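So the structure is just underneath, and the comments pick up after that.
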Amino acid sequence: MKTVIRTSSGEYPVLTGHGVSCRVLELSGILPNVTKAAVVTDDNVAPLHLQKLLDVLPEGTLRYVVPHGEQSKNWKLLGELLEGFAADGLRRDDVLIALGGGVVGDLAGFAASVYMRGIPYVQVPTTLLAAIDSSVGGKTAVDLKAGKNLAGRIYPPRAVVCDIDFLSTLPKAEWKCGLGEAVKYAVLAGGEMFELMKKGLDENSLEHFIDLAVDYKRQVVEADENESGTRRLLNLGHTVGHAVETESALGFPHGVCVAMGIKAVARASLSAGLLPKEDYLAISSLIQKYSFPECPYPMRSVLGHVAHDKKISGGKLNVVVIRGIGRCEILPMTLKEFEEFVS
Ligand code: GLY
C-alpha cells in the first residue's frame, strides 16, 4: 500500500508490502538521479538484511554499521558518521538509507539532515516500532546526557519503504517493544486498530495494522508536523514511560515502558472520572493480553524524572489523558497536578 504524507516541508510516500525493499530507489521516486547511495544500519540488522539491499543499490554503495541499541544515539557516533561520509566522498545529491529500527532511523536521519546542510534519505524500517511509528513523521535525534532525543530535527525522509518480510526476523524482545507502541495507536485511534490488537496481531493482520497506523500518523503529522498541538497525542503513555525508562537506566525497552505509561494514565483517567470503567477494563485487558510487566518502581521515584521532561512548556506538562478508546485529549498540568493525577 502507498500512503502519501503531505506537510509544509514536502511530501513523501510510505510504501508497505512484502519484498518492497527490492525496489527501494524506484519506489522512493529518486532512481533517475541517484549515482551513489550509503546505507546506515546496525550490527544486528546488517547480517540479516544488508546484503539484500546492497544487491539492488548502485555498485559501490557505502555502508556504515553502528552498534545496536539506544547507546548508539550519541553525539560522538553522529560525528563519526559525518566524518565517514565526507571521507568517502558522499555528496549532496547522493542518498542515505536508514536500514533498521528507531535508533538507526533517528541517528541516520539526523546525520542526513546536517550533512552538507541536508541530503535526501530513505527510511527502511526493520522493526515493528519503526514501521508503525518512528520511521514516519520526520523526527530525527540523538540523546544527550540530560535525556533522550534532546538534540534533533524534524527532517522528513524522501520515502519510507517498509518491507513486511523484514519483520519476520524480529527477536521477541523487539517485537514486544513494537507492541507497546501498537497499543498506543490502538487506544488513540480505537475502532479497527483496537479490534485487530484485541484479536492478536498475526501475519494475516500485520500489514493492514501497519497501514492503519501509518494512516493515523499521516493525519496527525499533516495537521501538526512540528508538534505544537495535535502531534502531542502521540506521546500517550510517554511521560510516565520515559520516566520509567530513565529509572530503569534503559533496562526496560521503550515500547514496554510506553505500555506501562498507558496503563498508569488509563488508571489515572478512570480515577479522575474521565474514562468510563468499561473502556478502562478493555484497555487494561489489552495490555494484559500482551503480558506487559507491571511497573516495578514506586510512582514517587518514577515521577522524580518527570521534571526533566523536554515536553514541559510554560511550566506545564502536556498530559495525554484517555476519555475513551479512540478519544484521547491533551490536558496541560503542572508537575504537582500530574503527580496527584497519576498517584
Ligand atoms: N513518535 C511520536 C512522533 O513521531 O511524534
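Atoms within each ligand, like the ligands themselves, are counted from 1 in listed order. Since we're looking at a predicted model, the values are computed, not measured.
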query = Heavy atom of Lys217 under 4.0 Å from ligand 1?
reply = yes
Residues Glu181 and His254: side-chain donor-acceptor under 3.5 angstrom = yes
query = For residues Ser205 and Asp202, is any side-chain donor paired with an opposing acceptor at under 3.5 Å?
reply = yes
task = Using the ring of Phe292 (Phe, Tyr or Trp, six-membered ring only), decide whether Lys176 places NZ or CZ under 6.0 Å from its centre and within 45 degrees of its axis.
result = yes
ask   = Looking at Lys73 and Glu70, does any basic side-chain N land under 4.0 Å from a carboxylate oxygen?
value = yes
query = Any idea which protein heavy atom is nearest atom 5 (O) of ligand 1, and the distance to it?
reply = Arg231 NE, 2.8 Å
Under 3.5 Å: N/O of Asn235 near N/O of ligand 1 = no
message = Looking only at distances, can you tell me whether any N or O atom of Lys184, backbone or side chain, sits closer than 3.5 Å to an N or O atom of ligand 1?
response = no
Closest protein heavy atom to atom 1 (N) of ligand 1, given as residue, atom name and distance to 0.1 Å = Asp133 OD2, 2.9 Å
inquiry  = Assess, by modelled atom type and distance only, whether the side chains of Thr169 and His49 contain a donor and an acceptor separated by less than 3.5 Å.
reply    = yes
